[in-house]
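Both backbone and side-chain heavy atoms feed into the values below; hydrogens, waters and symmetry mates do not.
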Amino acid sequence: MGQNIGLLTLVVSEYDEAIEFYTQKMGFDLIEDTVLSEDKRWVVVKPKGSKGSGLLLAKVANPLQEKSVGNQTGGRVFLFLNTDDFWRDYKIMIEKGITFLEEPREEAYGTVSVFEDLYGNKWDLLELKK
């Protein structure tokens with residue numbers, strides 16, 4: 001069976017600030033930015049060179065969605081950004097002002113550290129052991 005997860009929706013406060021964060025600070029590629037209506041756009045970002053899943057940046061449309069911005073998983077790590085060079089990406093992210101919530105650590109599965117995006121969603125930067 002040939003299936004994969006294409007996109008994950010990330011609820012954001014504003015399109016342009018989210019695009020700026022993900023493209024300028026995280027180094028993602030802007031794959032698509034299409035206006036659908038006066039208040040709605042189809043905005044997709046992916047890590048550079050990724051052939052896998054991307055993020056659909058979805059602007060809040062009501063008060064219930066507003067409450068989930070920055071807390072889409074109830075305070076748990078939401079997304080895992082895998083890398084082939086943890087220390088390279090960690091240093092770049094620090095230089096670009098990304099906030100890490102802990103010191104990097106070695107685990108049985110690889111090198112990892114938790115960071116926050118611009119809204120406070122928690123991510124793991126992770127280099128898996130080979």
Side-chain angles (χ1 to χ4, degrees):
M1 181 178 262
Q3 297 180 337
N4 65 61
I5 295 175
L7 297 173
L8 297 167
T9 299
L10 180 64
V11 180
V12 301
S13 294
E14 293 293 336
Y15 291 117
D16 293 330
E17 71 181 9
I19 291 170
E20 181 179 346
F21 177 83
Y22 285 101
T23 60
Q24 301 303 310
K25 293 201 175 199
M26 299 266 308
F28 285 19
D29 288 327
L30 178 61
I31 304 301
E32 185 173 356
D33 185 358
T34 302
V35 176
L36 301 176
S37 68
E38 186 176 321
D39 295 324
K40 191 172 183 180
R41 291 158 54 185
W42 185 265
V43 178
V44 177
V45 295
K46 286 185 176 186
K48 281 212 180 302
S50 174
K51 292 180 174 69
S53 300
L55 295 177
L56 174 67
L57 304 179
K59 183 179 172 184
V60 297
N62 60 52
L64 181 60
Q65 291 176 11
E66 183 74 45
K67 290 179 184 177
S68 69
V69 172
N71 192 27
Q72 294 200 163
T73 58
R76 296 198 55 149
V77 170
F78 176 45
L79 296 164
F80 297 78
L81 181 60
N82 289 359
T83 178
D84 62 353
D85 187 333
F86 177 89
W87 293 105
R88 174 200 65 211
D89 292 345
Y90 177 79
K91 289 174 187 173
I92 290 169
M93 292 169 78
I94 291 286
E95 288 170 2
K96 292 191 176 196
I98 303 273
T99 300
F100 279 83
L101 302 178
E102 62 185 25
E103 292 298 315
R105 64 187 192 280
E106 295 293 328
E107 296 289 348
Y109 52 85
T111 307
V112 64
S113 186
V114 177
F115 69 93
E116 290 182 323
D117 67 15
L118 76 162
Y119 299 112
N121 291 301
K122 293 179 182 173
W123 292 61
D124 270 359
L125 176 62
L126 174 62
E127 180 181 357
L128 294 170
K129 287 188 177 174
K130 296 179 174 39

Say you draw a straight line from CD of E14 to CD1 of I19; how long is it, rounded to the nearest 0.5 Å? 11.0 Å

Taking the six-membered ring for Trp, are F115 and F100 parallel (under 30°), tilted (30 to 60°) or perpendicular (over 60°)? tilted

Do you know which two heavy atoms are closest between E107 and V112, and how far apart they sit? CG-CG1, 3.9 Å

Taking the inter-plane angle between the rings of F86 and Y90 on a 0 to 90° scale, is it parallel (under 30°), tilted (30 to 60°) or perpendicular (over 60°)? parallel

Would you say L81 and F28 make side-chain contact, with heavy atoms under 4.5 Å? yes

Would you check if P104 and W87 make a side-chain contact, meaning some heavy-atom pair closer than 4.5 Å? yes

What one should report as the nearest heavy-atom pair of T83 and R88 is OG1-NH2, 3.5 Å

Once you round to the nearest 0.5 Å, how far does CG of L10 lie from CZ of F78? 5.5 Å

Heavy-atom side-chain proximity of M93 to M26 below 4.5 angstrom: yes

Point-to-point distance, once rounded to the nearest 0.5 Å, from OG1 of T9 to CG of L7: 7.0 Å

Under a 4.5 Å side-chain heavy-atom rule over Ile, Leu, Val, Met, Phe, Trp and Tyr, are V45 and V60 clustered together? yes

Check whether L30 and L8 end up in the same hydrophobic cluster, where Ile, Leu, Val, Met, Phe, Trp and Tyr are linked by side-chain heavy atoms less than 4.5 Å apart. yes

Side chain to side chain contact (heavy atoms under 4.5 Å, CB included) between L79 and D117, worked out: CA-CA 10 Å; L79 296 164; D117 67 15; over 6 Å; no

Hphob cluster co-occupancy, F80 + Y22, side-chain heavy atoms under 4.5 angstrom: no

Any salt bridge between K46 and D29, counting N to O under 4.0 Å? no

Does atom CD (E17) have a neighbourhood of more than 12 heavy atoms from anything else shown, all under 6.0 Å? yes

With rounding to the nearest 0.5 angstrom, report the CG to OG1 distance, D85 to T111. 9.5 Å

What is the minimum heavy-atom distance between K96 and Q24, and which atoms define it? NZ-O, 3.1 Å

Consider only side-chain heavy atoms of I, L, V, M, F, W and Y, link residues closer than 4.5 Å, and tell whether L126 and W123 are in one cluster. no

If I take atom CG from residue D89 and atom OG from residue S113, how far apart are they, to the nearest 0.5 angstrom? 12.5 Å

pair E20-L118: side-chain heavy atoms closer than 4.5 Å: no

More than 12 foreign heavy atoms under 6.0 Å from CZ of R76: is that the case here? no

Is it the case that the side chain of K59 and the backbone of Y15 share a donor-acceptor pair, with hydrogens and angles ignored and the cut-off at 3.5 Å? no

Nearest 0.5 Å, please: how far is CG in D16 from CZ in R41? 4.5 Å

Does a side-chain heavy-atom distance below 4.5 Å link L125 with I98? no

Around atom CD1 of I5, are there more than 12 heavy atoms from other residues, nucleotides or ligands closer than 6.0 Å? no

Ignoring hydrogens, what is the shortest heavy-atom contact between N121 and N71? Give both atom names and the distance. OD1-N, 3.4 Å

Determine whether a donor-acceptor pair (N or O, by modelled atom type, separation under 3.5 Å) exists between the side chain of E116 and the backbone of T99. no

Check the surroundings of atom NZ in K51: do more than 12 heavy atoms from other residues, nucleotides or ligands lie under 6.0 Å from it? no

List the steps, then state whether side chain to side chain contact (heavy atoms under 4.5 Å, CB included) holds for V11 with Y119. CA-CA 10 Å; V11 180; Y119 299 112; over 6 Å; no

